[in-house]
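Remember, predicted model here, so these are calculated numbers, not experimental data. All chains are named by letter (A, B, ...) in the order of the sequence lines, taking the proteins before the strands, and each is independently numbered beginning at 1.
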There are 2 protein chains.
Amino acid sequence: MVPGMRNAAETRAMLLDTAIQLIWQSSYHQVGVNEICRQAGVTKGAFYYHFETKADLYYAAAHNHWNEFKDEFDRQFSPSFTPLEQLQNLIDMIVDKQKNDPLADEMEVSGCPIFTAGAQVGAEEAKVIQCSREITGEVNKYHIALVRGLKADDMLNGDPNIVQVARMIHQYIQGLLIYGRVFNSLEIVQTDLKEASYRILDLKQEYRQQSVTSRIA
Amino acid sequence: MVPGMRNAAETRAMLLDTAIQLIWQSSYHQVGVNEICRQAGVTKGAFYYHFETKADLYYAAAHNHWNEFKDEFDRQFSPSFTPLEQLQNLIDMIVDKQKNDPLADEMEVSGCPIFTAGAQVGAEEAKVIQCSREITGEVNKYHIALVRGLKADDMLNGDPNIVQVARMIHQYIQGLLIYGRVFNSLEIVQTDLKEASYRILDLKQEYRQQSVTSRIA
DNA sequence: TCTTGAAAGTACCGATCGGTATGTTTATAT
DNA sequence: ATATAAACATACCGATCGGTACTTTCAAGA
């Protein structure tokens, strides 16, 4: 073992997880280094041993979070699912993440934990913006594959530009989550997400499912 | 005249305009009261004479900005335009606002000056969130009228829920602008806005226009 | 055992945060 | 002319910001 290593990996992991959680629930500027340390049960000495700046921490934390979440993406976008099932998985995944993750008190929707921060900072915080761009690029690969699959199975009307449609899906999801965050309503997210996805994709009518509420009725 | 009034109205107006500008270009938390005062050419004494808190200033500034911008909305959504023209006006208006307004250096897209701040703060800043909600409600009236008009003229496929479609349009626009902000690309905004609007509305094919670039080609 | 360096603790830095206390100017009513 | 209050200026507050300097603890190698 390396000398002096008490449990550096755990400390680092705690800082990464805590940072994402706090910043996600609140905002990049609102949550300070001090509070991240306090919540992580770590002192500032440890913090600045592992990370050079707050922005560096966020960058590492976001990428770490994405890497963990990537497994979920791989499962839900598995080729074992039909494109239609993949679409439904994506929708469910978004809603479930808002439902299940530990949120701030009485906050139903927190948005995307990674992209949100990119929207919260000005151009000064280059590293935060860059982070949003990079991970958006990663996520977009899944969206593109989804749209490509739907088109290949002839489920889409017209002859869409695949990359553009995938991008629009992403744009809409981000807008929707921020809307849900501002209006503190997970219900609207649930209600609008599927319908809007169908519309942006221009999914052929015969492949569209009724919404959950309508199906119950 | 009221005693002591040097030019309170101008001072107040300067603070309102400056606040919107700075916060829009950067972020709610990043721009402090001090800098707002500096840029406005006003001292802190004047600031806190006119406004009780920073949040109060923002609230007033956002509503003031909306009231000024409302005239533009009324023009572009005038009943003298067909619903289709109104839609085109909305699209042009969004792009033009990003183009024409004084932006930060090398920042092509700043997003919606009002809704953006709502995305930038946590639930603590109740007044900022409330502000986003209120003005969103106002803007939504125009979107609803637009969708209603399109439907009345039988330009939309299916039998859409007007309120929902209007809401989805708003959600998409916000997501698009934040996307454009993060990726610093007005071109993507221009490219995607019209196509996505057509899709979300499910505008009948015969009423859709080709995008500007395609029409040139 | 004793050194060594990684990992963490403690105390503190200057700067800035939003906000306040108190003084000063200025136009108006008397 | 003088009192009065609106409108602003100046100086300052405690708290917190991100970050640094210095010290201490602890595990491994020699």
Between the protein and nucleotides 20-25 of chain C, are there any N/O to N/O pairs under 3.5 Å, and if so, what are the atom names and distances?
unit_1: C:dT25; atom_1: O2; unit_2: B:Arg6; atom_2: NH1; d: 3.0

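Closest of all the heavy-atom pairs between B:Leu176 and B:Ile188 is CD1-O, 4.4 Å.
For D:dC17, the OP1/OP2 oxygens have no side-chain nitrogen or oxygen of A:His29 closer than 4.0 Å. The phosphate of D:dA7 (OP1 or OP2) has no side-chain N or O of B:Thr11 nearer than 4.0 angstrom. For D:dC8, one of the phosphate oxygens OP1 or OP2 lies less than 4.0 angstrom from a side-chain nitrogen or oxygen of B:Asn7.
Taking atom CZ of residue A:Phe47 and atom P of nucleotide C:dC12, one finds them 22 Å apart after rounding to whole Å. One atom, NE2 of B:His50, and another, P of C:dG19, lie 17 Å apart when rounded to the nearest Å. For the pair B:Lys54 NZ and D:dA15 P, the computed distance is 20 Å after rounding to whole Å. When rounded to the nearest whole Å, the span between CD of B:Glu35 and P of C:dG18 equals 10 Å. Across the protein-nucleic acid pair, A:Lys127 atom NZ and D:dG18 atom P stand 16 Å apart, rounded to whole Å. Atom-to-atom, CD1 of A:Ile36 to P of D:dT16 comes out at 16 Å; the value is rounded to the nearest Å. In this structure, B:Glu124 atom CD and C:dG18 atom C1' are separated by 15 Å, rounded to whole Å. Rounded to whole Å, the distance from CG on A:Leu15 to C1' on D:dG19 is 15 Å.
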Inset, instruction - For side chain to side chain donor-acceptor pair (under 3.5 Å), just list the numbers for A:Asp92 and A:Gln88, CA-CA rounded to whole Å, side-chain angles, deciding distance to a tenth of an Å, and then say yes or no. - result: CA-CA 6 Å; A:Asp92 292 341; A:Gln88 186 59 48; 2.9 Å; yes
Inset, instruction - Walk me through it: do B:Tyr172 and A:Gln171 pass the test side chain to side chain donor-acceptor pair (under 3.5 Å)? - result: CA-CA 6 Å; B:Tyr172 175 76; A:Gln171 291 159 354; 2.6 Å; yes
Inset, instruction - Could you check B:Val33 against B:Cys37 for side-chain contact (heavy atoms from CB on, under 4.5 Å), going step by step and ending with a plain yes or no? - result: CA-CA 6 Å; B:Val33 173; B:Cys37 290; 4.1 Å; yes
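Comparing C:dG9, D:dA7, D:dT10 by their closest approach to the side chain of B:Thr43 singles out D:dT10.
For an aromatic pair to be called close, the ring centres must be under 6.0 Å apart, and A:Tyr142 with A:Phe77 satisfies this. Taking the six-membered ring for Trp and the full ring otherwise, A:Tyr28 and B:His29 have centroids separated by 6.0 Å or more.
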Pairs of donor and acceptor atoms involving the side chains of residues 122-133 of chain A, under 3.5 Å and at least two apart or interchain, shall be tabulated with distances.
unit_1: A:Glu124; atom_1: OE1; unit_2: B:Gln30; atom_2: NE2; d: 2.6
unit_1: A:Lys127; atom_1: NZ; unit_2: A:Asp56; atom_2: OD1; d: 2.6
unit_1: A:Gln130; atom_1: NE2; unit_2: A:Glu134; atom_2: OE2; d: 2.7
unit_1: A:Ser132; atom_1: OG; unit_2: A:Ile114; atom_2: O; d: 3.4
unit_1: A:Ser132; atom_1: OG; unit_2: A:Gly118; atom_2: N; d: 3.4
unit_1: A:Arg133; atom_1: NE; unit_2: B:Val182; atom_2: O; d: 2.7
unit_1: A:Arg133; atom_1: NH2; unit_2: B:Val182; atom_2: O; d: 3.0

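Comparing B:Asn34 and B:Arg12, the nucleotide of DNA chain D nearest to each residue sits closer to the 5' end for B:Arg12.
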